[in-house]
Amino acid sequence: MVVRSIAVIGSSWGDEGKGKVVDLLSGKADAVVRYQGGNNAGHTVVVNNEKYKFHLLPSGAIQNKEIIIGNGVVIDPEVLFREIEILESKGFTPNLVISSTAHVIFPFHRYLDGLEEATKKEYAAGTTKRGIGPTYSDKAARYGLRIYDLTEPDIFKPKFQRLFNLKKKVVQAIGADWPFNVEEIENQYLEYGRKLKKYMKDTTYYINKLLEQNKKIIFEGAQGTLLGIDHGMYPFGTSSITWAGGISAGAGVSPKKIDKIIGIIKAYTSRVGEGPVPTELGILSDSKKGDPIKENCVTDADIGHRIREQGHEYGTTTGRPRRVGWIDLVSLKYACILNAYDHLCITLLDAMGGLKEVKLCVKYKLDGEVSDQWPIQSEIIERCEPVYIKMPGWEALPAEKWTDIAAKGYNALPEAIRNYISKIEEILGIPLSIISIGPNRSDTIIRHNIW
Ligand code: IMP
């Protein structure tokens, strides 16, 4: 079978290392497409020890591939132009296409994000405050503006003023300040519109045409399956469809045209934001970035701190320290069923080095009953107790050692890691085809061909 399109999907709460995998696979691709989310995402790609951080642009950007932002994405033009500038300053010329029907984030969407979170109290998701939720809300309510609107001043002005006045009334009705000036935003966004025109296309026709021409496309997921609006842990997630089902709606491509779906899993669990995480390793509020790692980690807090430091688990978008926990095969099995992955990629095995023993959650216990089914409702998950199996851990190694191991291949991995991988494959029933043991492209072992 000729593989024309591959989807790369996060299996948990985001930050599984999708950016690196997309970057790696995009070597053979012609185009990389983002189809949901916005600049709430953050992918770090490391090439020759230089770090590139993206929030909105697809990760294929530094491979000089065509990069496409589909209709399902919400776009903050300020962020978009900043990322284009960064790329250009590093000598890349982004070959960018943007959907005319992607929705636009305005400054008051960011402001509303904070106000809305404050009213949600214990149900606040801990959002990135980038205005993602309020923009998708306006899209669903059919008040939102699309990229096309910005490029047509006569269409833009009345639509924008309607939206501006509506938001102003709502905010003032709850007694909050409204620190925005209509003309200032209008002028700024019309200027963005002028600059956006050259990138804008009907991406549905465009992407389908590329596939017809046998071009190779990667659909790059943002966030992770458990953060999705319908199948994630509602309301502690984001506002878009984060599993592979979101590709069709967010890029205008039939499900029949997605040839392979790759699930990214992390060697452990991480989470930014609120909501229950059954396998969480204690509350790490006492440990701070840079605190020394204990040689012999016994308590959950010490183990969690080691993993957080070794895995650099601090948000790419907000810098927030991430919560960390043991791998959760109950939620991962759910992601495997939902996405019907062809392959899995496991990342950050190196970051778990230095532990005598590691744990894998294989079931949940609830009210005396044991089950391997993800309970979906956050209130039920909150009450679940993880059932673990234990396996021997592996050594912490310096970065160059992991790179050496990757160059030698799978059999050079420590035996404990190979056993850990086999156990995960046995439980999830999907081949772990890509093994990532460091941030660089070269720190990767590919066991089965993807393209
Ligand atoms: P929002 O997407 O900013 O509305 O945030 C909703 C929830 O999703 C919060 O718990 C965020 O921390 C989380 N979230 C959003 N984007 C990402 C991401 O790219 N990685 C991890 N978590 C994310």
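Counting starts at 1 for both ligands and their atoms, following the listed order. For the single chain, residues carry numbers from 1 onward in sequence order.
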Please work out which of the three classes, parallel, tilted or perpendicular, describes the rings of Phe81 and Tyr199, given edges at 30° and 60°. tilted
Can you tell which of Arg323, Glu382, Met233 makes a side chain to side chain contact (heavy atoms under 4.5 Å, CB included) with Val277? Arg323
Name each donor-acceptor pair under 3.5 Å that joins a side chain in residues 6-14 to protein atoms two or more places apart or in another chain, with its distance.
unit_1	atom_1	unit_2	atom_2	d
Ser11	OG	Ile264	O	2.9
Ser11	OG	Tyr341	OH	2.9

For ligand 1, find out whether one of its N or O atoms is nearer than 3.5 Å to an N or O atom of Thr238. yes
Below the 3.5 angstrom mark, is there an N/O of Thr128, backbone or side chain, next to an N/O of ligand 1? yes
When only distance counts, is Ile132 in polar contact with ligand 1, meaning an N/O pair under 3.5 Å? no
Among Phe106, Trp178, Phe180, Tyr143, ring pair (Phe, Tyr, Trp, His ring centres under 6.0 Å) partner for Phe164: Trp178
Quick test: of every protein heavy atom, which one is nearest to atom 12 (O) of ligand 1, and how far off is it to 0.1 Å? Arg320 NH2, 3.1 Å
I'd like to check whether Asp113 has a polar contact with ligand 1, where a contact means an N/O of the residue lying under 3.5 Å from an N/O of the ligand. no
Give yes or no for whether the N/O distance cutoff of 3.5 Å, strictly under, is met between Thr127 and ligand 1. no
Examine Ser239 against ligand 1 and note whether any of their N/O atoms are separated by less than 3.5 Å. no
Ligand 1 N/O within reach of Leu227 N/O, cut-off under 3.5 Å: no
Can you list the atoms of ligand 1 that are under 4.0 Å from a heavy atom of Gly126? 9 (C), 10 (O), 11 (C), 12 (O)
Of all the non-hydrogen atoms in the protein, which one sits nearest to atom 21 (C) of ligand 1, and at what distance? Asp15 OD2, 3.1 Å
Considering only heavy atoms, which of Gly273, Ser270, Ser12, Gly237 lies nearest to atom 6 (C) of ligand 1? Gly237
Pull out every atom of ligand 1 sitting under 4.0 Å from any heavy atom of Trp13, numbered as shown with elements. 21 (C), 22 (N)
Examine the side chains of Glu309 and Tyr314 and answer whether a donor and an acceptor come within less than 3.5 Å of each other. yes
